[in-house]
Protein chains: 2
Amino acid sequence: MKDKRQQILETALKLFVENGFHATPTSMIAKEAGVATGTLFHHFKTKEELINTLYLETKEILIQALTKQVNEQDTLKSKFRQVFYNAINWAISHPDHQFFYSQYSYSPFISTLTRELGLQRFHVIQELLKEGQENDILKAIPIGLMIDTAQGTLDGITNYLMEHPEKIDDREFTEQAFSMFWDVLKG
Amino acid sequence: MKDKRQQILETALKLFVENGFHATPTSMIAKEAGVATGTLFHHFKTKEELINTLYLETKEILIQALTKQVNEQDTLKSKFRQVFYNAINWAISHPDHQFFYSQYSYSPFISTLTRELGLQRFHVIQELLKEGQENDILKAIPIGLMIDTAQGTLDGITNYLMEHPEKIDDREFTEQAFSMFWDVLKG
DNA sequence: ATTCGAATTGACTAATCAGTCGGTAAAGCT
DNA sequence: AGCTTTACCGACTGATTAGTCAATTCGAAT
């Protein structure tokens, strides 16, 4: 009898990615997870609580992944390169989490909570952006525009890589991709 | 009297943006539109057909908007500038359509259809991108990456403008925003 | 061994949903 | 005018849903 709670979360993630939140009944999650519906509602008071838990958990490990090895780097560009590689590598190796995150971000029914917390995903990047602007390395534009554009560009590159995962090992390719990301930012 | 169909579509768009597809019952759409449920299902065989109709309609007017005045421009950069301004102006003046489009694109339950058609949204841009690559004006990278990144960057900028609509009239600001978009692409 | 809370079960329910159907009113056509 | 098609209505249905609950098992501490 291993952790049923964890089993529920993993199954829910998979099914949410396949069917979406609303099109995935709790009964289906329970069945697929090999658990009674009562067990599901024992661990999560409501379906929404299950979804939110999944989101917060995903966000946590994403932030951990993005931050890796960044502080050790010297130049600002190197730091951005590190974050960039962290981001694309994470997406490739956790496709379900990545899809779930996108799906959650664009779903309207939790939008208020999300849009506030959503920015925190790029808190690391935000700090780097500010640092770069203060040192006149990056474009002198409103920080909000900088953040949204950086996020959008990164999402676009990530989307492409998700459908061409083999490219992740092509050093020349990934460096080209990074140069797009960098060119958006640099002044 | 012929407007009931249109009334249903408009009401559905509004409610879908507010609640999401699945969280918006057909009964709610009918009620809000001042129409019987039978009427709704007379015009649209299923709920999914209603959603798809809304998507196709939205796509159509978006494409029209993006293409405006593009051919008249002389240089490639001017053409991109025109598309860029068309895109952000459309988003600002049709926020519900814009939200609906994003929501639809990221929802998994119609994903296969969407991901194929989704690219068509940027068919205009695709042609321009190819032209730019052939003339060594743009980055020499896989066209797919170019498309996804351009779309991502544009989406990011659009997202920012949606929350700061007043900036659309700031000529200096929008030109800065365009320079980010252009820097992603240019070689 | 006994106790007690937490974990687990699955039949159950009240609510809600997409879609139907039989019928009425209005347009369109000849 | 008559005749046909299309638009419209709203009560109804069968299926499905999130969430409940009384009963049972598990696990660990006393």
Between B:Thr174 and B:Tyr85, is there a side-chain donor-acceptor contact under 3.5 Å, judged purely by atom types and distance?
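Distance-only check passes for B:Tyr85 and B:Thr174.
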
Which of these, B:Asn159, B:Thr158, B:Ile157, sits in a side chain to side chain contact (heavy atoms under 4.5 Å, CB included) with B:Leu161?
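In the set B:Asn159, B:Thr158, B:Ile157, the residue that makes a side chain to side chain contact (heavy atoms under 4.5 Å, CB included) with B:Leu161 is B:Ile157.
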
Any A:His42 side-chain N or O less than 4.0 Å from OP1/OP2 of D:dT20
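No, outside the criterion.
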
Please determine whether a side-chain nitrogen or oxygen atom of B:Lys4 lies at a distance below 4.0 Å from atom OP1 or OP2 of D:dC9.
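Indeed, a polar side-chain atom of B:Lys4 lies that close.
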
Look at the side chain of A:Thr39 against the base of C:dA6 and say whether a donor-acceptor pair falls under 3.5 Å; ignore hydrogens and angles.
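No.
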
Lys/Arg-Asp/Glu bridge criterion (N-O < 4.0 Å) met for A:Lys139, B:Asp183:
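The answer is yes: the pair qualifies as a salt bridge.
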
Distance, rounded to the nearest Å, where [X] contributes [atom1] and [N] contributes [atom2]:
{"X": "A:Met28", "N": "C:dG10", "atom1": "CE", "atom2": "C1'", "value": "18 Å"}
{"X": "A:His22", "N": "D:dG19", "atom1": "NE2", "atom2": "C1'", "value": "15 Å"}
{"X": "A:Phe44", "N": "C:dA7", "atom1": "CZ", "atom2": "C1'", "value": "13 Å"}
{"X": "B:Glu48", "N": "C:dC17", "atom1": "CD", "atom2": "C1'", "value": "15 Å"}

Reckon A:Thr46 touches a base, only the sugar-phosphate, or nothing at all at heavy-atom distances under 4.0 Å?
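It contacts sugar-phosphate atoms only.
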
Name the residue closer to the 5' end of DNA chain D, choosing between B:Val35 and A:Ser27 according to the nucleotide with the nearest heavy atom.
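Checking each residue's closest nucleotide, the 5'-ward one belongs to B:Val35.
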
Flag the pair B:Tyr101 / B:Tyr55 as yes when their ring centroid distance falls below 6.0 Å, and as no otherwise.
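Ring centres of B:Tyr55 and B:Tyr101 closer than 6.0 Å.
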
